[in-house]
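Written out below as C-alpha cells is the structure these notes cover.
As the structure is a computational prediction, the values presented were derived from the model and not from experiment. Quick note on labels: first sequence line is chain A, next is B, and so on, each numbered from 1.
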There are 2 protein chains.
Amino acid sequence: MALDHAILVSLLEKPGSGYELARRFERSIGYFWTATHQQIYRVLKRLESEGALTVRDVPQRGRPDKKEYSVADPGRAALSRWLHEPIEPESLRHDLAVKIRGAAFDDPAALIDEVERHHQVHSGRLAHYLTGELRDFTGPDAPVPLDAGQELQHVVLRGGIAYERMTIAWLDDVLATLHTLSSRAGLAVGGPSAHSA
Amino acid sequence: MALDHAILVSLLEKPGSGYELARRFERSIGYFWTATHQQIYRVLKRLESEGALTVRDVPQRGRPDKKEYSVADPGRAALSRWLHEPIEPESLRHDLAVKIRGAAFDDPAALIDEVERHHQVHSGRLAHYLTGELRDFTGPDAPVPLDAGQELQHVVLRGGIAYERMTIAWLDDVLATLHTLSSRAGLAVGGPSAHSA
DNA sequence: AAATCCATGTAAGACGTTACATGATTTG
DNA sequence: CAAATCATGTAACGTCTTACATGGATTT
C-alpha cells in the first residue's frame with residue numbers, strides 16, 4: 001500500500017498534521033498520489049498505533065488544536081524495507097479513453113466540449129508545475145547547488161511536467177480526430193449533395 | 001464507475017464471455033483500464049440482473065460452455081448517458097515517484113536496478129503497442145479508409161504510445177539523476193581525497 | 001450574514017485484490 | 001505426466017469514496 005509510504009515520505013520531509021498532509025496531497029505530493037483527508041486520518045491513526053509515527057499535541061489560539069505527526073524509527077525502517085522491494089509498473093485507468101472508444105457508439109462530436117475542458121485543466125496544471133519549478137529549482141531564488149533530496153524532488157516534478165505536456169499534445173490529437181470525424185459524418189462519398197439515410 | 005462502462009464499450013465492439021473480456025483487458029482495453037476476471041464476472045452478473053446485458057449460453061465441444069454477453073438497449077442507453085456526463089480529469093497514482101522521493105532518506109543508488117526494470121517493462125509495452133498499430137491501423141493489411149470506430153481506437157492507441165515514450169524518456173532522466181547523485185556522494189568539496197564523516 | 005478556512009472525525013457502501021476451488025483439454 | 005489454456009465462480013479482506021457531522025475564526 002503506497003499511501004502509507006507516501007505519508008511517511010511526506011512526514012520525513014516535514015512533520016505535520018493530518019490537515020496539513022491533506023493540503024500537501026492537493027499540491028506537491030498530489031503530483032503523483034492522491035488522497036482525501038478521511039483516508040489520511042485513518043492511516044495516521046493506524047501508523048501511530050503500529051509505532052511508526054509519534055504524535056505531539058500542539059495547542060493553538062483561535063484554532064482547533066492540531067496533532068503533529070513525526071516518523072519514528074520503526075516507520076523509517078518500514079519505508080526503507082519497502083524501498084528495497086520491487087514494485088509493479090503501474091497500469092493506467094483512464095476514463096476519458098473509455099469515453100473516446102465509447103463515442104463510436106454515440107455522437108463523437110458531443111465529446112468535443114469534454115475534451116476541451118480536460119485540455120484546460122491539464123494546461124492549468126502544467127502552468128502550476130512550471131511556476132513551482134521556477135520557484136524551487138531553476139529560478140534565481142532557488143538554492144545552488146541543490147541537495148540530494150531537492151534533486152530527487154525536481155526529477156519527480158519534471159516527470160509531472162512531461163506527463164502534462166504529453167497529455168496536452170494527445171488531447172490536441174484527439175480534438176483533431178473528433179473534428180475530422182464530425183465533418184466527415186456530414187459527407188457521403190459523392191460529396192456534400194449526396195443522399196443520406 | 002468506469003469498469004461498467006469499459007465493459008459495455010468492449011461488448012459493443014464485440015460480444016463475448018467473461019473469460020474473453022478478461023483477455024481483452026490484458027490487451028487492447030488494458031491500455032487504459034485494468035480489471036481481473038473476478039471483477040469482470042461480478043460486474044457482468046450485476047449488469048445482466050439490471051437488464052443492461054443479455055446472455056446466451058454457447059455450448060462448446062471439449063470445453064466448458066461459455067456465456068456470451070451482448071449489450072441490450074438499457075445498457076446502451078446507460079452508456080450514452082455516461083458519455084454525456086462530465087468526468088474528472090484523472091489523478092495519477094505513481095508508486096515509483098513515491099519511491100524516488102523516499103530515496104532521499106535511504107540509498108538513492110539502490111533504486112537504479114528498480115528503475116531499469118521499469119524501463120524495460122515500458123519499452124516492451126511500447127514495442128507491443130507499435131506492433132499493434134502497424135497491424136491494425138498503419139500497415140499494409142490495415143483497412144483503408146478506417147471507419148469512425150477504428151479512428152477512435154487508433155487515437156486512443158496513439159495516447160498509449162505517447163504515454164510509454166514519455167515514461168521511457170523520464171526514466172532515462174531519473175537514471176541520469178541517480179547516477180549523478182551516487183557519484184557525487186563519494187566526493188566532498190575538495191575532491192576525491194577529501195575526508196569523510 | 002454568508003462563505004471559507006482550520007481541524008478532526010464517523011459510517012456506509014462501493015470497489016479492488018488475493019486466495020481458493022473445479023474440471024476437461026491441449027501441448028510439451 | 002506435468003503444465004498451460006479455457007471457462008466459471010466463491011469468500012475474505014483491504015482500500016477508497018461519498019456523505020454526514022462539529023465548531024470557532026476569518027474573510028467578503
Side-chain angles (χ1 to χ4, degrees), chain A residues 1-7 11 15-27 29-30 33-50 53 55-69 82 87-95 98, chain B residues 1-8 11 15-27 29-30 32-50 53 55-69 78 82 85 87-95 98:
Chain A
M1 223 265 291
L3 177 54
D4 291 32
H5 307 294
I7 286 176
L11 289 178
S17 69
Y19 189 85
E20 283 162 3
L21 278 172
R23 317 238 62 200
R24 291 185 212 171
F25 273 90
E26 285 167 13
R27 310 168 137 268
I29 303 279
W33 203 269
T34 54
T36 61
H37 77 275
Q38 290 86 346
Q39 274 175 275
I40 292 166
Y41 284 123
R42 217 178 326 131
V43 172
L44 284 174
K45 247 181 211 171
R46 200 191 66 237
L47 290 178
E48 196 224 325
S49 78
E50 290 169 5
L53 300 177
V55 207
R56 196 169 62 92
D57 258 63
V58 181
Q60 304 196 117
R61 289 191 308 171
R63 296 211 172 149
D65 295 356
K66 67 178 180 182
K67 299 183 185 172
E68 196 185 72
Y69 290 90
W82 178 71
I87 51 170
E88 285 298 299
E90 39 275 306
S91 20
L92 288 179
R93 298 220 156 162
H94 207 306
D95 300 63
V98 179
Chain B
M1 222 268 290
L3 178 54
D4 291 33
H5 306 295
I7 285 177
L8 288 170
L11 289 177
S17 69
Y19 189 85
E20 283 162 3
L21 279 172
R23 316 238 63 200
R24 291 185 212 172
F25 273 88
E26 284 166 13
R27 310 170 137 263
I29 303 280
F32 51 83
W33 203 269
T34 54
T36 62
H37 78 275
Q38 290 86 344
Q39 274 175 275
I40 291 167
Y41 284 122
R42 225 189 309 146
V43 172
L44 285 174
K45 247 181 208 171
R46 200 191 66 236
L47 291 177
E48 195 224 325
S49 78
E50 291 168 4
L53 300 178
V55 207
R56 196 168 63 92
D57 258 63
V58 182
Q60 304 195 117
R61 289 191 308 173
R63 300 217 166 143
D65 294 356
K66 68 177 179 182
K67 298 184 185 173
E68 195 186 71
Y69 290 90
W82 178 71
E85 270 167 24
I87 50 170
E88 285 298 300
E90 39 275 307
S91 19
L92 288 179
R93 298 220 156 161
H94 207 306
D95 301 63
V98 179

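- Look at CD on B/Glu90: it is 16 Å from C1' on D/dT17, rounded to the nearest Å.
- If you take CH2 of A/Trp33 and P of D/dT17, they are 10 Å apart, rounded to a whole angstrom.
- Judged by distance alone, with hydrogens and angles left aside, the side-chain atoms of A/Gln60 form no donor-acceptor pair with the main-chain N or O of A/Lys66 at under 3.5 Å.
- One atom, CG of A/Leu21, and another, P of C/dA7, lie 12 Å apart when rounded to the nearest Å.
- Phosphate proximity of C/dT10 to A/Lys45: present, with a side-chain N or O under 4.0 Å from OP1 or OP2.
- A sub-4.0 Å separation between OP1 or OP2 of D/dT17 and a side-chain N or O of A/Gln39 is present.
- Rounded to whole angstrom, the span from the CG atom of A/Leu47 across to the P atom of D/dG14 amounts to 15 Å.
- Contact between the side-chain N/O atoms of B/Tyr41 and the OP1/OP2 oxygens of D/dT8 is found at a separation under 4.0 Å.
- Put simply, B/Tyr19 has no side-chain N or O that comes within less than 4.0 Å of OP1 or OP2 on D/dT8.
- Taking the side chain of A/Thr36 as heavy atoms from C-beta on, and the options C/dG9, D/dA7, D/dT17, the nearest nucleotide is D/dT17.
- Residues B/Phe25 and B/Trp33 approach most closely at CD2-O, 3.5 Å, considering heavy atoms.
- At the phosphate of C/dA7, OP1 or OP2 sits under 4.0 Å from a side-chain N or O atom of A/Gln60.
- When each of B/Asp65 and B/Arg93 is assigned the nucleotide of DNA chain D bearing its nearest heavy atom, the one mapping closer to the 5' terminus is B/Asp65.
- Of the side-chain N and O atoms in B/Gln38, none sit less than 4.0 angstrom from OP1 or OP2 of D/dT10.
- The side chain of B/Ser17 contributes no N or O atom lying less than 4.0 Å from OP1 or OP2 of D/dC6.
- In terms of phosphate contacts, B/Arg42 brings no side-chain nitrogen or oxygen within less than 4.0 Å of OP1 or OP2 of C/dG16.
- Between B/Leu3 and A/Lys67, the residue anchored closer to the 5' end of DNA chain C is A/Lys67, taking for each the nucleotide with the nearest heavy atom.
- Comparing D/dT17, C/dG16, D/dT8 by their closest approach to the side chain of B/Lys66 singles out D/dT8.
- Atoms CD1 and CG, on A/Ile7 and A/Leu53 in that order, are 8.0 Å from each other to the nearest 0.5 Å.
- Not one side-chain nitrogen or oxygen of B/Arg46 sits closer than 4.0 Å to the OP1 or OP2 atom of C/dA14.
- Spacing between atom CD1 of B/Ile40 and atom P of C/dG16 amounts to 11 Å, rounded to whole angstrom units.
- Separating the NE2 atom of A/His37 from the P atom of C/dC5 is a distance of 14 Å, rounded to the nearest angstrom.
- In terms of heavy-atom proximity, A/Leu3 sits nearest to A/Ala35 at CD1-CB, 3.7 Å.
- Side-chain atoms of B/Glu48 do not come within 3.5 Å of backbone N or O of B/Lys45 as any donor-acceptor pair.
- Looking at B/Glu85, its side chain never comes within 3.5 Å of a backbone N or O of B/Trp82 through a donor-acceptor pair.
- Rounded to whole Å, atom C1' of C/dG9 lies 15 Å from atom CD of A/Glu48.
- Residue B/Arg23 has a polar side-chain atom (N or O) positioned under 4.0 Å from OP1 or OP2 of D/dC6.
- To the nearest angstrom, C1' of C/dC15 lies 14 Å from CZ of B/Phe25.
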